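Presented below is the structure to which this report refers.
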Amino acid sequence: MSEFKVRLHPSNEAFMVGRDELILDAAIRQGVQVPYSCRNGTCRTCLFEVKEGTVQPVDVEVCMISDQELESNRRLLCMSLCRSDIVMEKVQPRRRRNPAESVQ
C-alpha cells in the first residue's frame, strides 16, 4: 500500500499519508489543523497516542520522547511514519501542580 488513512481524535479529521511521508508533513500539505511547533521532535506539541494501527517512529534518539511513552504507543507526528491505516488521539499535556496545592 502506498498511502494510509489517518484519523485524528478528538477532531475526527482524516487525511492520507504516503508510505515514506511524515504524518505531520501530510497533515500540513492537506490543510489539516494539527498542533505543532518545532517540527524536529523537541517541543512535544504534536504528541498523539496510537489507538489503532502501526506507526513507526524515526530518529527517536533525537526526539523528546521517552521509552515509556513509546511503549505506551505515544508518537510525535513530526517524527513518525504510517505503516497501516491509523487512528490517533491527542495527548493532553499534564497540568503542572501549583506549589501552593501541595499537601502538607
Side-chain angles (χ1 to χ4, degrees):
M1 189 176 239
S2 63
E3 281 195 320
F4 302 105
K5 184 176 184 177
V6 174
R7 182 166 304 282
L8 301 178
H9 290 272
S11 69
N12 212 31
E13 288 204 67
F15 57 99
M16 299 304 289
V17 178
R19 181 167 190 73
D20 296 318
E21 182 177 28
L22 294 171
I23 297 170
L24 179 61
D25 290 344
I28 292 169
R29 176 175 53 79
Q30 294 169 72
V32 176
Q33 298 293 320
V34 293
Y36 72 95
S37 184
C38 69
R39 296 183 60 121
N40 65 8
T42 58
C43 75
R44 299 174 49 85
T45 303
C46 65
L47 184 65
F48 278 73
E49 184 174 336
V50 180
K51 295 296 190 177
E52 295 176 24
T54 304
V55 176
Q56 177 186 341
V58 296
D59 295 330
V60 292
E61 61 279 350
V62 299
C63 293
M64 297 294 293
I65 191 165
S66 69
D67 290 340
Q68 182 180 12
E69 287 173 311
L70 290 169
E71 290 170 9
S72 297
N73 283 330
R74 293 183 173 192
R75 303 290 186 269
L76 297 167
L77 297 184
C78 69
M79 303 296 282
S80 296
L81 303 170
C82 287
R83 293 299 174 237
S84 70
D85 291 345
I86 60 171
V87 175
M88 299 181 84
E89 184 172 326
K90 178 70 177 114
V91 174
Q92 298 303 316
R94 282 191 273 187
R95 185 177 147 248
R96 289 190 177 173
R97 204 161 98 171
N98 182 334
E101 294 176 355
S102 60
V103 178
Q104 296 188 18

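In this text the structure is predicted, and so the values were computed from the model without any measurement. We're numbering straight along the sequence, starting at 1.
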Practice problem: Decide if atom NZ of K5 counts as having more than 12 heavy atoms of other residues, nucleotides or ligands within a radius under 6.0 Å. | Solution: no
Quiz item: In this structure, are over 12 heavy atoms from other groups packed under 6.0 Å from N12 atom CG?
Solution: yes
Quiz item: Which pair of non-hydrogen atoms, one from G41 and one from C78, has the smallest distance, and what is that distance?
Solution: N-SG, 3.3 Å
Quiz prompt | Basic-acidic side-chain contact under 4.0 Å: D85, R7 | solution = no
Quiz item: Just by distance, do the side chain of Q30 and the backbone of A27 share a donor-acceptor pair under 3.5 Å?
Solution: no
Practice problem: Check whether any side-chain heavy atom of I23 sits under 4.5 Å from a side-chain heavy atom of V34, and report yes or no. | Solution: no
Quiz item: Hey, are the side chains of L24 and M79 touching, using non-hydrogen atoms and a 4.5 Å cut-off?
Solution: no
Quiz item: Same cluster for F48 and V50 if Ile/Leu/Val/Met/Phe/Trp/Tyr side chains link at under 4.5 Å?
Solution: yes
Exercise. Decide yes or no for R75 and L70: does some side-chain heavy atom of the first lie under 4.5 Å from some side-chain heavy atom of the second?
Key: yes
Quiz item: Would you call M88 and L77 a side-chain contact if the rule is heavy atoms closer than 4.5 Å?
Solution: yes
Quiz item: Is R19 reaching over with its side chain to a backbone N or O of C82, donor-acceptor style, under 3.5 angstrom?
Solution: no
Quiz item: Atom CD1 in I28, atom CD in Q33: separation rounded to 0.5 Å?
Solution: 9.5 Å
Quiz item: Would R29 and E21 pass as an ion pair if we require N to O under 4.0 Å?
Solution: yes
Self-check item: Closest non-hydrogen atom pair between V62 and T42, with its separation
Solution: O-CG2, 4.3 Å
Quiz item: Are I86 and V32 joined in one hydrophobic group, where the rule is that I, L, V, M, F, W and Y side chains link up if heavy atoms are under 4.5 Å apart?
Solution: yes
Kindly list each side-chain donor-acceptor pair under 3.5 angstrom involving residues 52-61, sequence neighbours excluded, with atom names and distances?
| unit_1 | atom_1 | unit_2 | atom_2 | d |
| --- | --- | --- | --- | --- |
| Q56 | OE1 | R83 | NE | 2.9 |
| Q56 | OE1 | R83 | NH2 | 3.3 |

Quiz item: If you take all heavy atoms of Y36 and C46, which pair is closest and at what distance?
Solution: CB-CB, 4.3 Å
Exercise. State the CG-CD distance between L47 and E69, to the nearest 0.5 angstrom.
Key: 5.5 Å
Quiz item: Should L8 and L76 be counted in the same cluster of Ile, Leu, Val, Met, Phe, Trp and Tyr side chains packed under 4.5 Å apart?
Solution: no
Practice problem: Please name the pair of heavy atoms, one in G18 and one in E3, separated by the smallest distance, quoted to 0.1 Å. | Solution: CA-CG, 4.2 Å
Quiz prompt | For E49, side chain to side chain contact (heavy atoms under 4.5 Å, CB included) partners two or more places apart | solution = K51, R74, V91
